[in-house]
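Every value quoted in this text rests on a predicted model; they were computed, and no experiment measured them.
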Amino acid sequence: MEYDFKEIEARWQKYWAENHVFKAVEDKSKPKYYVLDMFPYPSGAGLHVGHPLGYIASDIYSRYKRLCGFNVLHPMGYDAFGLPAEQYAIQTGQHPEKTTTGNINRYRGQLDRIGFSYDWDREVRTCDPAYYKWTQWAFLKMFGSWYNPETDKAEPIETLVAKFKAEGKWDGLSEKEQSDLLMQYRIAYQGETAVNWCPALGTVLANDEVKEGYSVRGGHPVEQKKMKQWQLRVSAYAERLLRGLDDLDWTDSLKDMQKNWIGKSRGCEMVFQVENGDRKYDVTIFTTRADTVFGVTFLVLAPESEWVEKLTSPEQKAAVEEYLVQAKKKTERERLAETRKVTGVFSGSYATNPLTGDKVPVWISEYVLAGYGTGAIMAVPAHDGRDYAFAKAFNLPIIPLIEGCDVSEQSFDAKDGIMCNSGFLNGLTVKEAIPAAIKYVEDHGLGHAKVNYRLRDAIFSRQRYWGEPFPIYYKDGIPMPVDEKDLPLTLPEIDEFKPTETGEPPLARAKDWTYKGYPLETSTMPGFAGSSAYYLRYMDPQNDKALVSREADEYWRNVDLYIGGTEHATGHLIYSRFWNKFLYDLGYVAEQEPFRKLINQGMIQGRSNFVYRIIGTNTFVSYGLKDKYETTQIHVNVNIVHNDRLDLEAFRNWMPDYKDAEFILENGEYVCGWAIEKMSKSMFNVVNPDMICDTYGADTLRLYEMFLGPLEQSKPWDTKGIDGVNRFLKRLWRLFYERDNFIVTDEKATPAELKTLHKLIGKVQADTEAFSFNTTVAAFMIAMNELVEEDCHKREILEPLVIMLSIYCPHICEELYHALGHDTSVTYAEFPEYVEAYTVENNCTYPVQFNGKMRFTVDLPKSAAPAEVEKVIREMPQTSKYVGDGAIVKVIVVPGKIVNIVVKQ
RNA sequence: GCGCGGGUGGCGGAAUGGUAGACGCGCUAGUUUCAGGAGCUAGUGGGGUAAAACCUGUGUGAGUUCGAGUCUCAUCUCGCGCACCA
């Protein structure tokens, strides 16, 4: 009987589905384990071989945990709202729901072939009204809540109203005024800010959706624009999001990314009095270097700062306005490109240094950001590189404040040295001077210590169709929440998916888009809305009374292992944590943090192949000979290349242009060049998992993806290496079958066979728990080589082997497990127990004393020549003069030969 | 500029401070087969030898150690993230 993977895989996949083998049911008698993949956006291109990498890893771990006796929750779903389906809809008129459903079905088909152990009964789709009901529900909760700084958590807005009433600030306000007041406190609020506007997409974008001035999706230019938008008060959670990282089992690099994004900085706000003619204003600045206040030689305002208008003198008005116009015209991209170019304009007014009484000019410059701190800074050119560049460009004074520093060429930014020219701070180190200066400022009522965060509130509106509608309507212009009982507020049908002629979002096209006779909000929610709490929904996906029931939530709690790409570090992974903390504050979920352990799988890159066409001909020259000709390098479809050898016939048939291609061969073959590039259609290097499943089977695919290298590393896909793991499975099969005969016996295993097995058990256990899947696969191969060598066909060895291997190759192992006489799925088997005694059985440990003080333990195989060992021990005192009392000496011996002496304290 | 990871054969990659290159691909030779993008056996870092011995070897340079791919410092280089955040 041959290893017929196609038949085997199809049969067991059907069996698993029909018997709901992977169904997760709350079971308080078992410990839970929640393994989650970042659910995919179902794009039109389908899966390539890089996508399932993380899914395979999480599946292996899920199956491992099941064998270890855990009740495993391992669900899957789709992040189904999003721009590409909508862009496609605009071009073709095809409803996004239709394309999305089509893509989901295609994804499901591809996923099913790989043999994942998902509980598909728990599938969620973010575009399903039964699902986005709870996205809208969470939004309503955020709209109806505020962040109470005293209790340091979110609370219902009613507690704030009560507070206002008690303070006499509420009664007497009009309905509009009350709404406006509360809007400044709500967790989900509407506010006017500078947003990333993408004209090509016709929508605003969040900070993490923009990269280097272009939209992440589509790569269209993005500009800054002031607009009224829905926002989430993520910034209120900055400190908790930062502190929460400490308890998480995430990589340091990912934590650093989040820390960086949150951007906490401790400093001090200080008030400078500014005179514009005879009018006086108090301008507050933010600085982390309060100690340098004696070196302030000017102030700088952000161009968008509200102070600009008030502090511009009549004489400078024209110049300032000219500058503002110039600054506004620039796109975000141009600003970035001119990062080091210094621009600015004098406002005409002067500020008084609160410590020295000196008068310094107030300038306006782009290098100060309106959105951070107070939008105004005190400039200390001697000790800040940016201020220095500005001072040099506009010829402003530079006062050094640290003994012995040289500021003739560049500023001295380091935070060390002794202060000088600084009044009462003279003689202190910088590290002493900072708190001393802040204390002085506070004591004299000139300002106060202040912590700032770079984390901004999340822009939550999108001017698009294919997203969750906001459950908000406008009563005489006042935003009002839709009643909870009327959720979900489903997306209306519209005839076209473009914005309206007047530039309104597509929802404005909907007929009767009203609630209680009032107009509804026409924006929709962004992509991250639906993905922020999906892990909670999996716990209780059919519940129509709550996002998740208390019972389900208290059993599953949070995700124990989350696997996904690093691209979500500052988007989804921040928003989800925020969302979860908010729900925690209101008592809806049991855990503060959603994802306990997180692993970022690396990208699988493509391996492109090239052919070399001699210029002006249709002749292609083999790689080794190409330097003798003038050639152009052309991408060739990797699927018609094997081991870098071109299939000439397939090449001629590939494209009409190559029908009559001629070849210059080396050794009778056409050798292609190659390079590692991103896997993409345009480079003809996309490898489809379906194709691998057809040729080699899902078990081989799973094994090979893990074997490629460490999970977290990026690595190239190279189909040619797959033969090795495929061979491994064929050899496994041959341990069970010889032709049509089942050859497994009940014979007792030999010590050598037991050693092979238990070495493997130990390695599989340790490496799987450490997520080192590539070395685990290698361990299986080593064991296989030994078993083939030993010609072992014994149940005692093969059964535990099959159980362990089933986490990697479930289909073939299910088949073999049943062949061994079992009638339940291998999923319900137990992970074999590791017995150390079997693996050290061949070694001897000799404790040795020297001079009655030292003890040597000599650990060596039996086969080592005793005379040789004795000699070493005798000679040791001479060769090991460094050995102290109580040291343990270990002699490492390979058969017959002493290799090294180890000393351990 | 700041922060975080990496540099090991022809390739992907292994190595609790202790035989560097596991395992796999590729390659070489042999063998088997009607055939194969098939199976089996042996070899495979470089130099050296008939074969051994031997020499050399983990980006570069120092250091710690009886012993360093691994630890420390410096340096070069690649990748990623943030980026006028005061």
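For A:R645, whose side chain is taken as the heavy atoms from C-beta onward, the closest listed nucleotide among B:C27, B:A22, B:C25 is B:C27. The side chain of A:L369 lies closest to B:A86 when the candidates are B:G13, B:G81, B:A86. The side chain of A:K715 approaches B:G13 more closely than any other nucleotide in the set B:G13, B:G37, B:C82. Closest to the side chain of A:P710, out of B:G12, B:A14, B:A86, is B:A14. The side chain of A:T287 approaches B:A86 more closely than any other nucleotide in the set B:G81, B:C27, B:A86. Residue A:W261 has its side chain nearest to B:C82 when only B:C4, B:A15, B:C82 are considered.
Close to B:C40, at under 4.0 Å from its OP1 or OP2, lies no side-chain N or O of A:R727. OP1 or OP2 of B:G6 has not a single side-chain nitrogen or oxygen of A:Q713 nearer than 4.0 Å. In this structure, A:S253 does not reach the B:G3 phosphate: none of its side-chain N or O atoms is under 4.0 Å from OP1 or OP2. Residue A:R731 has no polar side-chain atom (N or O) positioned under 4.0 Å from OP1 or OP2 of B:A38. Residue A:Y372 has a polar side-chain atom (N or O) positioned under 4.0 Å from OP1 or OP2 of B:A86.
We find that CG of A:N785 is positioned 10 Å from P of B:A42, with the value rounded to whole Å. B:G13 atom C1' lies 14 Å from atom CD1 of A:I604, rounded to whole Å. A:D252 places its CG atom 15 Å from the C1' atom of B:C80, with the value rounded to the nearest Å. Rounding to whole angstrom units, CE of residue A:M603 and C1' of B:G5 are separated by 16 Å. Between the C1' atom of B:C40 and the CZ atom of A:R734 lies a distance of 9 Å, rounded to the nearest Å. When rounded to the nearest whole Å, the span between NZ of A:K264 and P of B:A86 equals 13 Å. When the C1' atom of B:A86 is taken as reference, atom CE of A:M270 falls 12 Å away, rounded to whole Å. Taking atom OH on A:Y704 and atom P on B:G13, their separation rounds to 10 Å, with Å as the unit.
Spacing of C1' atoms, B:G12 relative to B:G81, comes out at 26 Å, to the nearest Å. Comparing the P positions of B:G21 and B:G45 gives a spacing of 9 Å, expressed to the nearest Å. Using P as the reference atom, B:U16 and B:C71 are 11 Å apart when rounded to the nearest Å. B:G61 and B:A52 have their P atoms separated by 30 Å, given to the nearest Å. Between B:G59 and B:G69, the two P atoms lie 10 Å apart (nearest whole Å). Taking atom P in both B:C11 and B:G18, the straight-line distance is 26 Å, to the nearest Å. Distance noted for atom C1' between B:G67 and B:C76: 27 Å (whole Å). A gap of 14 Å separates the P atoms of B:C25 and B:A42, to the nearest Å.
Judged purely by distance below 3.5 Å, without hydrogens or angles, the side chains of A:D387 and A:Y367 pair a donor atom with an acceptor atom. Using modelled atom types, one finds a donor on one side chain and an acceptor on the other under 3.5 Å when comparing A:T775 with A:D767. Using a 3.5 Å distance cut-off with no hydrogens or angles, the side chains of A:T343 and A:Y323 do pair a donor with an acceptor. Side chains of A:S265 and A:N452: a donor-acceptor N/O pair is absent below 3.5 angstrom, by distance only.
Under the 90° criterion around 0 for the glycosidic angle, B:G81 counts as anti.
Remark: B:C2 base-pairs with B:G81. Criterion, Watson-Crick or G-U wobble with two distances under 3.5 Å. Judged by Watson-Crick or G-U wobble contacts below 3.5 Å, the nucleotide B:G43 has B:C27 as its partner. Pairing for B:C71 is with B:G63, a Watson-Crick or G-U wobble pair whose two hydrogen-bonding atom distances lie under 3.5 Å. Nucleotide B:U49 forms no Watson-Crick or G-U wobble pair with any nucleotide shown, as no partner meets the under 3.5 Å limit on both distances. The partner of B:U33, taking Watson-Crick or G-U wobble pairs whose two distances both stay under 3.5 Å, does not exist in any strand shown. With a cut-off of 3.5 Å on both Watson-Crick or G-U wobble distances, the partner of B:A15 is given as none.
Note on A:N774: only backbone sugar-phosphate atoms sit closer than 4.0 angstrom, heavy atoms only; bases stay farther off. When heavy atoms are screened at a 4.0 angstrom cut-off, A:R607 is found touching no nucleic acid atom at all. Residue A:D718 is out of contact with every strand shown, counting any heavy-atom pair closer than 4.0 Å. Contact annotation for A:T251: no contact, since no heavy-atom pair falls under 4.0 Å across all strands. Within the nucleic acid shown, A:I377 comes within 4.0 Å of at least one base atom, counting heavy atoms only. Among the protein residues, A:Y388 comes within range of no part of the nucleic acid, since none of its heavy atoms lies under 4.0 Å from any strand.
The aromatic rings of A:W363 and A:F394 sit tilted, their planes meeting at an angle between 30° and 60°. Note: A:F651 and A:W654 have tilted aromatic rings, judged against thresholds of 30 and 60 degrees for the angle between ring planes. Taking the six-membered ring where the residue is Trp, A:H568 and A:H572 present perpendicular rings, their angle passing 60° and hence far from 30°.
Along RNA chain B, the nucleotide nearest to A:F286 and the one nearest to A:V777 differ in position, and the one closer to the 5' end is contacted by A:V777. Remark on RNA chain B: of its neighbouring residues A:D723 and A:S772, the 5'-side contact belongs to A:S772, judged by nearest-heavy-atom nucleotide.
From A:K255, atom NZ reaches atom CH2 of A:W250 across 9.0 Å, with rounding to the nearest 0.5 Å. From A:L396, atom CG reaches atom CD1 of A:I399 across 11.0 Å, with rounding to the nearest 0.5 Å.
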